[in-house]
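Owing to the predicted nature of the structure, the values given are computational and were not obtained by experimental measurement.
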Amino acid sequence: MLRALLAKSWRQLRMLRITGGVLLAATPAATLLLAEAARRGWLPYGSVRDYDAAAVLREGAPGLLVAGIALVTLMLAAQA
């Protein structure tokens, strides 16, 4: 019985797992893309003169991951 329930929930949450994986994979690339846009002055909230990719990922990625985890948590709550 437990195996059937776990299999059912695994199938039902497939799209949620895919969305979470895509968010996790896209976070570093999006962080670097936004840092480059800020360096060029394309963002409305200011610009950055110089940056190091390691510093950007070290400072920016944790916040984006927390936001991504919150988004996945909200999607899980809405799915239930």
Side-chain angles (χ1 to χ4, degrees):
M1 176 102 168
L2 180 62
R3 178 179 251 167
L5 288 173
L6 289 175
K8 181 182 175 188
S9 74
W10 182 260
R11 283 190 309 269
Q12 286 180 338
L13 297 176
R14 179 175 180 256
M15 289 305 294
L16 188 61
R17 288 192 320 271
I18 291 171
T19 304
V22 168
L23 284 173
L24 181 66
T27 297
T31 304
L32 291 176
L33 182 68
L34 288 173
E36 184 65 24
R39 189 182 69 78
R40 294 179 184 222
W42 293 347
L43 297 179
Y45 51 81
S47 64
V48 178
R49 286 189 194 174
D50 193 21
Y51 72 93
D52 179 14
V56 168
L57 288 175
R58 190 173 47 248
E59 294 174 9
L64 286 174
L65 286 175
V66 167
I69 289 170
L71 178 64
V72 170
T73 303
L74 288 173
M75 290 190 307
L76 269 172
Q79 187 79 18

Please tabulate, for side-chain N and O atoms in residues 67-77, each donor-acceptor pair with protein atoms closer than 3.5 Å (sequence neighbours left out).
residue : atom : partner : partner atom : Å
Thr73   : OG1  : Ile69   : O            : 2.7

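- Within the structure, salt bridge (Lys or Arg N to Asp or Glu O under 4.0 Å) pairs that include any residue of residues 21-36 comprise Glu36-Arg39, Glu36-Arg40 (at least two apart or interchain).
- With sequence neighbours left out, the side-chain contact (heavy atoms from CB on, under 4.5 Å) criterion links Arg3 to no other residue.
- Remark: Lys8 NZ to Leu13 CG distance equals 11.0 Å, nearest 0.5 Å.
- With a 4.5 Å cut-off between side-chain heavy atoms of Ile, Leu, Val, Met, Phe, Trp and Tyr, the cluster of Leu2 takes in Leu6.
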